Structure formats: C-alpha cells, structure tokens
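Read the structure below first, then the notes.
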Amino acid sequence: MNSSLAGFLQALALVGALALSYRPLGDYIAHTLTSRKHLRIERGIFKLIGVDGDAEQTWGAYLRSVLAFSFVSVLFLYGFQRLQEHLWLSLGFPAVTPAMAWNTAASFVTNTNWQSYSGESTMGHLVQMGGLAVQNFLSAAVGIAVVAALIRGFTRNKTDHLGNFWVDLTRITLRVLLPISFVFALVLVAGGVVENLHAAQIVHTLSGATQSIPGGPVASQEVIKQLGTNGGGFYNANSAHPFENPNPFTNLLAIYLMLVISFALCRTFGKMVGSHKQGYTILSVMGLYWIASASLITFFEHQHSGIAAQIAGAAMEGKEVRFGIPGSSLFAASTTLTSTGAVNSMHDSFTPLGGGTAILNMMFGEIAPGGTGSGLYGILILAVVTVFVAGLMVGRTPEYLGKKLGAREMKFASLYILTTPAIVLCGTGLAMSLKAGHGGGMNNTGPHGFSEVLYAFTSAANNNGSAFGGITVTSTHWETALGLAMLFGRFLPMVFVLALAGSLAKQAPVPESTGTLRTNTPLFVGMLSGVILIVVGLTYFPALALGPLAEGLH
Amino acid sequence: MSTPTLHDPAVEPEALLPAGETEHRLSAGLLDPKQLLTSFPDAIKKLDPRVMVKSPVMFVVEVGSLLTTISAIEKPSVFAWVITVWLWLTVVFANLAEAVAEGRGKAQADTLRRTKTDTVARKVQGTWAPGATNVTEAEVPATELKLGDYVVVEAGQIIPGDGDVVEGVASVDESAITGESAPVIRESGGDRSAVTGGTKVLSDRIVVKITSEPGKTFIDRMIALVEGAARQKTPNEIALNILLASLTIVFLLAVVTLQPMAKYAGAEQTIIVLVALLVALIPTTIGALLSAIGIAGMDRLVQRNVLAMSGRAVEAAGDVSTLLLDKTGTITFGNRQAAEFLPIDNVTDRQIADAAQLSSLADETPEGRSIVVLAKEKYGLRERVQGELTHATWIEFTAQTRMSGVDLDEPSGVHAVRKGAAGSVAAWVRENGGTTGQELEIAVERISNRGGTPLVVAEKRGSEPARALGVIYLKDVVKPGIKQRFEDLRAMGIRTVMITGDNPLTAAAIAEEAGVDDFLAEATPEDKMALIKKEQAGGKLVAMTGDGTNDAPALAQADVGVAMNTGTSAAKEAGNMVDLDSNPTKLIEIVEIGKQLLITRGALTTFSIANDVAKYFAIIPAMFASVYPGLRHLNIMALDSPKSAITSAIIFNALIIIGLIPLALRGVRYKPSSAQSLLRRNLGIYGIGGLILPFVGIKAIDLIVQFIPGLH
C-alpha cells in the first residue's frame, strides 16, 4: 500500500469514528449540562466545597469562580513542583526552578501544556499524576464549562443566570472526562502504552552499552492529554516517544481523542439551542478547515526538495517512520487546530509551508475544532462577528439565535478577536526587538529563526502548547513572557465570552421570520469560513510573509 | 412673496402603488458633481482633530498622514510626497462624503429658515375662556411666546407657533412644511386641531393655544434634523464603530510589531511605507462613509416628506416585524364605491340602474359619483346633468333623512326616487303606502355579509304605492397593487395587521381581499395598544401610523410610530416620525428605507474588509521581496516596482471612497425579498466584488503611476 492511500484510509477511519461518536457524545454532554439531578458523589463534593448545587450564578459570579479556581490551581501546581523533592515518588528529582515551575503551572492550568522541561528528567510521578494530570482534566472541564455558559446565554431569556460553574466543572469531570479516559486508558495499555510507577531502569544492551528505560503512569495521563486537548507529554518526546504512542493504531486513537469532544460539542450546541442544523453549520466550518489543513500539510510534506528528502521520497526529517507522512501530517494538523499541542513529529523540521500551515492553524484561534470548549466558544464569537456584518446586509440589525447583536455584544466580541492577535504580535515584536529575544535564546537565523519565535508566541497565546523548538526557552525571560502569554490568552477571552453570555441571556428573544438571516445554511458556512480567513488569518499575513512564506517560496 | 417649499411633494400618494409592478427601487436624488465642490471647504474644516476623533478609523488615517508629512519634509522624495498627498486626500475624501451628505440637509434647512420670519403674534392678554368675545390682544414677537399662551390669528397672517386651535375653523396653507399647495382645514376640537408655526391662515379667524416653547417648535426641530445638528450615532452605528475600531487596533498592532520583525529580516521599513500599509489595511472605506450613510438615510426619508425624530427610529424601521395598518386610506381608498346593482322582485337591471343614477345625480359625495359612473360603465346609461331635467326637485342627503333623491314632475304625477340607508328608505316606502318584502332583506343582508354597504333604491310613481327597486352594493375598494406589496412584506418576514373600526365580518372580507395576515376589527385605541404590547412581548418590533389624540399612547408604545401631519399635536409628540403628506401607505416605504440603510452599511463593511486581500498582495511583496526574493511570487498583479505598488494601493484606497460616495448617499439597490436572497445578492456583489475589484483597480493604477519619475 502506498503512503497516500494509507493516509487516505487513516483519515477515512478517523472521520468514520468521529461521525459515529458525534451524536451520542454530543447529546450526552448536553444532557450532562442541562440535567437537574445531581449524582450522590457530586452532592458530596458540593457539600465539601460549600457550594449549593442548585443555585445559579450571574456571569460575573461565574467568571469569578473560573478565575478563582484557576488562580488556586496555579498556586497549587506551582507549590507542588517546588516541593517535589520532599514528596513521595519524586524519583529523586530536585525542586523545579521557580521560573520553570511558574511557566509549567500557567501552562497546565490554561490547557496549553507548553513544556519548557523534559518530563522524564524533571517531574516525579506524583507531580505528573497528582498535579499535571489533574489539571489536564480540570482545565479541559473549565473550557467546556465556559462554553456551556455561553450557550445558555443564547438559550435563556431575560435572566441573569448562566448556570453554576462548580456544578458544570464537577459534572464534566466526573461524568464525561473520567469515564471516557478510563475506558481509553485501558485501550492504550492494550495498544502498548506503558502504565507503571517504575523509576528509570538501567539496562545493558547486547552491545554492552547501558540504556535508561523510563517508566511511569503514562497511559492514564496520555488519554486525558489528548481527550482534554492538553498535549503535555509524559516524556519529552511527547507522542513521538514509543512508550506514549507506540504504533499507528495508538497514533490514530490519539488523533481521534483530541478531536472527539470538540467536534461533538457542536452537537451539544445544536441540541441546547434547539436546532441541530445550527450545530451542523458550525461543524461544517470546523470540518472544512480541518480537512483543508490536513490536506495542505500532507501535500507540503510530500513535496521534497533537498537531497535527503528526495532520497526519502518525502520530508522525513523529524518524523517517525512508524507514522510516515500521513500519520504525522494528520497529527500535526489536528494538534494545532485543537489546542492540544501534542506532537508525534518535530514541527520544526516540517517543510516551511507545512510548518507555516501549522502556525496558521493556531492563528485562526484554534477553532477547527479547537480546544475542549474553547474551540466552540472561539468559533461562536467569530459567528457573532459574521452575523453582525451579514445581518446588516439583509436589512435588519443583526441577531444570532434570536439574540440581538448590539453595541454591548459587539464590544465583547471585538475585544475577544482583538486579544489573541495582540498577545501574539506584541510578544513576537517585543521578542524580536529585545536583546533577550533576538539572539537571546534563538538558535537559528533567517526566516526560520523568526518562524520559531512566531510559533512560540502563537502557541502560547492560543493555548496550544506545541513548539517548533529551536529556542532555548528556559531563561527567565522566556518562561515569564510565555507564561504571561498563556494566562492572558486563556483568561482574557473567557472574560469577554462570559460577559457576552451575560448580556445575551438578559435579552428577550427575537422571533425568527423569513426576514431573519439564516445561520444554518451553506451560504452561512461560506461566510463564516471567509470571515475567519480574512479577519483572523490576514492579521498575521505580514508576520507569516517574513517567516514561513519567505522560507517556503522560491 | 412666493411660499418657500421644503421641496416638491416627492411622490404622489397613489404613485406609491404602481399596479402590478413587482420590482421597485428606492432612490434619492443623484449626486450632483457640483455638490462635491461646494462641500469642499466643509471637508477641509472637518480636518480638525477634535472632529476627526469621532471616527476612529479616519482619525488613525489623519495621524498617519501627519507622520508621513513630517517624514516627507525630513527626507523628501517623489514617493514620500505622492503617498503623503494621497493619504491626506483619503482623509479629505472621507470628510467630503460627510459634508456632501450634510450639505443636502443644509439646503433644505435654509429654505425652512426663511419661513421663520419675524412673525408678530397677537397674544391674548389675561386668561382666555371659550366663547370669550372681547379679548384684549397685545402684539408680541413670536419668539417671546410661552407654553400655554393664546394667540389670535386671522386670514393672511402667519401662525406664530405650534399649537392647537381652541376656537374657530380656518383654512391653512401648510405648503411651507409639506410642499403641498392645497390648503387644509384646521378646526377646534377633534383630530384636525393642530397647527404648525410658520404656516399661513388663508381664511377666517382662529384662537390657538401655544403648545411648544420658542426654539423647540416643529420647524426648529425640522431644521435641526435635516441639518444633522441633532444627529446622534444610532445603536447599530455604535456597534459597527466598535467592530471597526477593534479591527483598526488589530491592524495597527500588526503594522507596529512588523517593524522589529522587518529589522530582524534586514528590511527595516520607512515610516511612509508602514503608514501606507496601515491605511491600506484598516477599514477606511466604510470608516469614511459610515456617517454619510446614516445622514443620507435620514435624508431619504426627508425626500419622502417623512421626518424621523431620531436615527434610532430609522434603524428600528428596518427591524419591524409587524405592521399595523389602518384600513382606510392605507389598504382601501378612503371612500366606498358602487360595485353592483341588485334588483329585487321583477325589476330589471336597467330600471334599477336608471333609478340609482337619477337619485345620485345630486349626490356629490364620492359614493354618489361612483353610482353614476357604475350606471354609465356597466349599464350604458348616459350621464344626465341636473339642468337637463326640468321640473325636478333635488333632494340632498342630510344626516337626519339619510337619503337623497329627486322628485320629477311628470305628466302622470310626481315620480319620486330615493336612495339611502336601508332602514331609512324602507321607512320611506312604508310611509308612502308600500311594503318591503323578504327579498329586499335578503339582498341587504347578502351585501352586509360580503363586507359591503347596502344602499336601497326606491321609487314612487304618482299615486301608486312606493316600492323598493333593489340594492346598490357599495364596497370598500382595495387599492390596486396593495396585495403585491403585502406579499413582498411577507417575503421580508413582516406580518401585516389591518386595523379597522368595521365589524369583524366586513373586516374579514377586506382582509381576505387585500391579503393581510391578520386584522383587528372594531378596534378601539385600547385594542390597538393591547395588540402592540402583545406583539412586543413576543420580541417583535411594531410599526404603526396614527393621527388622533387617542392614538398617542399606541404611537408612543410602538417601536416606529408615524404620526400624520394632519393629526393632533399629541399624536405628533408621541410618534417618532411625522409624515408631512399624511399618507399612511408610506409606512411600508419607511420600513424599506430603514432596511436599505442597514444593508448599505453592511454591504460597504463587507466590501471594505474584502478589499484587504488585494492590498496585501500589493504591499507585502513590495516591502520584503528585496530581502526575501521568494516573496515576489506574491506580486500576483505583476506590479511594476515596490514604490508603484504601494502608491497604487493607496491611490485605489482613496479613490474608492470618492467612487462610493454616490452609493453611500443613494443606498444600495433594495428589492423586497427574503433575507436569504438579499444576502446572496449582496454578498455576491459587495463580498466577491470587493475581493476582485481592487486587484483590477490597483493594477490599472499601477499601469499609469509607473510612468511617474521617481516611482519606477
């Protein structure tokens, strides 16, 4: 079987599996988010943290809960790493340095999972399991909780109530993430991913050399790393490591896991707003971008210039032979279009245009399908902007899902679309103009060196977490700058999303008529796709021209 | 003195309903190139940064222009100065768009001002009571009148201020504000009591109670409105401005942060080039035209003799989902017309037609005339003139007898013919020895059931007993073309509700014929109010017209309340628009103008954003192809040189503003149809067009500017 056919069949199997889980999973999440009944264990948790599970929150209260919870999480995770040497299962590793501990805490709480450390030589098992993996669950649940509040803003009328963050967080974790993770962790173990509490074992090879074989509770962390679009690898090599991702099957499963919730949330959205077509519309835009991106990266990676690539028949540098071009390209597209950031190949070694596509994927705001929750709210904000412009063209002040888009709504939507580009561009611009950035840490020159810096800030601000590499990011400058980019990139948009949700929920609904812009048609799919490409993508055109385009065009 | 008019009555009321025409286009006057010249000084005045800052996008352009000017002075070059000049032109063009839009209003305001001559008011001294015969008057300037003062106005005098007639009847020339030269009757009490300051009493004497303070009269408000002095940004305009401002900030960041990246690449850019890139990317087209679009929208209403008290009301008109339409005057002609003669017993068609015609010859009401016309058109009866019949005694219609007719002296005796309300004529027949049978009752009832008005015709020949001949079917005639209009509205997603005082039966018949979605029969002001509130509770926006004082609460409650100029001042105060022509059909047009305003805004925003793609392809390779030769592949327009490419993009950017001023003022073409087809059309023209046009335009400009020395 040639590589193209194999790639096509893999993609087909993936699409089939995603299609099969779309309805049941989406409906189940919708049920989880709307059900009035609490499980006994949930009631116990509410009692423990002192929350009234039946009380609802205003957008302000919801936001304060999100921020407070995340703040405490950052502190906890920071402390955990700093105290690791005194803890059980530390494997003898010392405390993580303050800058790195801060960066990692920010990274895992923001669902970014940017790693400036090497897992197997920095983190003990307890920190991995009790600190990092826990945040893998919780940060993913926070994203879904925020989008749940936004959807409620559309579905509810004349109310201040957007649900209860603590209830949403608990339910999503207990009812959605844990059960799925449990099942697929077993599948991963069966597929060959390791799961133990061993320290590194020194073995003597046949040739007499010694080799250090790391152990760890990998499968249990690997599953939520993908499912929660986290991406923080147990090992430094992330999903390229044979213990994390041993074969094409686990590779495909990993891609499936990182996409499944975010795509299914469209169904959840459709179900909650009472129109599955609305869900399918959003799904179509996400799907289009995903297919286009995966195809583009695969195409670029098959192009081979240079002697090494021509001998290999493709750009194989930095890619695992067991995954090949298709398995690597599909993974790269999916990991940068979601906020996962796990990698099974070195993106830095991709062709300039292939790597550029990965950067562009993140620049779109990771909305195809994006991070758990964050992808959906990101694309919904873009839909709001699209409806605003398109709605005017049908001769009415714009309305989306029965809610008017006035000055207040546009203020929050505008601030949202402003935030991430501001962080990426200012971060990159500053890095290039400061000594600490330009030359300070950059190991490459020319357009490629620039692409690496651009990638780093794009990845951090969009909470992706993957890296081109090529920069020494362990200096205090980089740890701080990227940590801030991650925090602002995560929580500022959440502020605007929840404020928007609050303002939408207050409104009385506008009934639909033939004069209303229909947001469930192919025409709207086209418009939304166009707005994403022009409004979001073009912002970065000059930067991309100096990086990947300059390198890739001959 | 010739009476200044606001303008000619723009549209004849009936011309609004071109029968059978499915497509119509809203338009305002075309742009006169001279206006561009006359508005130029105003455009320059608007360069004041304190004025510019109101439009964030253009303010950024102005600051950019300033920066390039400084830079061009420091390091002069042909390129620097060409860019600088065109950037300033971009700002001036934007101001010009606004100035032209305002200029049209100013001309109208000037005409209105002329009516505000120094009128002298005859103010009643002391208190005035109805019926007071000897009032003492004092002559005071009109500007000193206060709320609640009473003034006397006689034939030939100008009414000094807005008010209500509290005594007397007068014919008033209101052409100063309506442009309509036919005088109107204003009388105390009822719904015709409001008079407007600046209009002229032509006959009789009236006493007017002043209802507005000086400086806040209707004309003052009109002047402020058409001049745009009272213009505030509307909610949707604010929302759009927010979006545009945020796009501007994003692009500002993209350009500012580009310099360190460019420096790293070894291609540091000049201020001129960076500003050029910024101006090309930020949405200048819509930023420049936004306020002109708003002013022009209000202006289009003024062209149709409608005054919107706020831009908010115009926007709301575009959103209206329920129209409450008064039956009379909007859906049907004001008068009933004879549709058919129904003979009873053994009377022939010709006999009844003849009698009906005879009895109506002296009836000058529209109903009476329509009977004569029907007799002529359908039964071929030549119209007789009154003088032709000698020995005839004409009996005119009175409210007491509710009959009209004629007594003819014939050799055989007096031949009396009567026509009138069923009850009255039946009573006349019985009084004159006749009987009325069941057949008459059935005929009368049948007409009533069909929503018509029955008029019974009877005669008495000599000494014979009187007998009923049959019934005339008077019906409300639905205006031609109105059904199509309602279908258009339905396609736009707007529900029409007919409001009528008729009984439900009549109302249902007319509603069916006119094709309205619903009707409210035997409507009282309370019913109207309840209906509006019910619709609004469902999230719908309601528009209505009204003129009476009892309409005022409903007008105030409605999202778009159009008061008729003939109405009371209470109604005019309550509504958010006033129709100077007092034509209720115009409500439909107002909705369309509201929609057109929003569409124009959306279309130009889309166009403006879509333009960016081509500009990137012009400017980015120009900036960086020298250090990264691969980027020359992005120069897909094959522009001559980096300098000519940047210049062409900036010139295109400026020229497109001038090119689109007419469109901004006129509004984009609007044809009532569903949201889906409107979107498809506008997206095709302004989205796809906006994507392609700049590629062509920039290339064309480049073909010319490459010959300018210093740009090659």
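To find a chain, count down the sequence lines: A is the first, B the second, and so on, and within it residues start at 1. Remember, it's a predicted structure, so these values are computed and weren't measured experimentally.
- Side chains of B/Lys263 and A/Met432 form no contact here, defined as non-hydrogen atoms less than 4.5 Å apart.
- Atom CZ of B/Phe695 is surrounded by more than 12 heavy atoms from other residues, nucleotides or ligands within 6.0 Å.
- Within the structure, salt bridge (charged side-chain N to carboxylate O under 4.0 Å, His left out) contacts touching residues 499-509 of chain A (residues at least two apart or in different chains) are A/Asp160-A/Lys506.
- There is no contact between A/Val424 and chain B, counting heavy-atom distances below 4.5 Å.
- Side-chain contact check for B/Ile609 versus A/Val531: every heavy-atom pair is 4.5 Å or farther apart.
- Under a 3.5 Å cut-off, the side chain of B/Tyr264 and the backbone N or O of A/Gly446 do form a donor-acceptor pair.
- Annotation for B/Ala265 and A/Leu546: closest pair CB-CD2, 4.1 Å, computed over non-hydrogen atoms.
- Shown here for B/Leu598 and A/Arg396, the closest heavy-atom pair between the two residues is CD1-C, 3.4 Å.
- Here the options are A/Glu409, A/Arg408, A/Lys411, the test is side chain to side chain contact (heavy atoms under 4.5 Å, CB included), and the partner is B/Ile242; only A/Lys411 passes.
- In this structure, the side chains of B/Leu634 and A/Leu549 come closer than 4.5 Å at one or more pairs of heavy atoms.
- Ring centers of B/Phe251 and A/Phe541: at least 6.0 Å apart, outside the cut-off.
- In A/Phe412, the CZ atom is crowded: over 12 heavy atoms of neighbouring residues, nucleotides or ligands sit closer than 6.0 Å.
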message: As a quick check of understanding, evaluate side chain to side chain contact (heavy atoms under 4.5 Å, CB included) for A/Val389 and B/Leu243, giving each step before the final call.
response: CA-CA 10 Å; A/Val389 177; B/Leu243 180 67; 4.0 Å; yes

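- Under the 3.5 Å distance criterion, the side-chain polar atoms of A/Thr514 are matched with a main-chain donor or acceptor of B/Ala491.
- With respect to chain A, the highest number of heavy-atom pairs below 4.5 Å among B/Val591, B/Leu258, B/Val320 belongs to B/Leu258.
- The two residues A/Gly429 and B/Met261 come nearest to each other via the heavy atoms N-CE, 4.2 Å.
- Once rounded to the nearest 0.5 Å, the distance linking CG of B/Leu253 with CD1 of A/Ile423 reads 11.0 Å.
- Both the backbone and the side chain of B/Ile249 come within contact range of chain A, each with at least one heavy atom under 4.5 Å from a heavy atom of that chain.
- Contacts between B/Leu240 and chain A at a heavy-atom distance below 4.5 Å involve backbone atoms as well as side-chain atoms.
- The side-chain heavy atoms of A/Met393 and B/Leu678, taken from C-beta on, include no pair separated by under 4.5 Å.
- Here the closest heavy-atom approach between residue B/Val250 and residue A/Pro421 is recorded as CG1-CB, 4.3 Å.
- Most heavy-atom pairs under 4.5 Å with chain A, from the set B/Leu691, B/Leu679, B/Val627, B/Leu683: that is B/Leu679.
- Taking 4.5 Å as the limit, every side-chain heavy atom of B/Thr257 sits out of range of all side-chain heavy atoms of A/Thr428.
- When side chains are defined from C-beta on, B/Arg680 counts as touching A/Leu523, because their heavy atoms get closer than 4.5 Å.
- Of the two parts of A/Ala508, neither the backbone nor the side chain holds a non-hydrogen atom closer than 4.5 Å to a non-hydrogen atom of chain B.
- Considering CG of A/Leu418 and CG of B/Leu247, their distance stands at 9.0 Å, rounded to 0.5 Å.
- Inter-residue side-chain proximity for B/Ile494 and A/Ser513 is flagged as unmet; no heavy-atom pair is nearer than 4.5 Å.
- Taking 4.5 Å as the limit, some side-chain heavy atom of B/Lys540 sits within range of a side-chain heavy atom of A/Pro511.
- Proximity to chain A among residues 277-284 of chain B is not found for any residue, judged by heavy-atom separations below 4.5 angstrom.
- Checked against A/Thr397 for a side chain to side chain donor-acceptor pair (under 3.5 Å), the options B/Asn236, B/Asp319, B/Thr234 give a single hit: B/Asp319.
- For A/Pro509, the part lying near chain B is the backbone, with the side chain staying farther off; criterion is any non-hydrogen pair under 4.5 Å.
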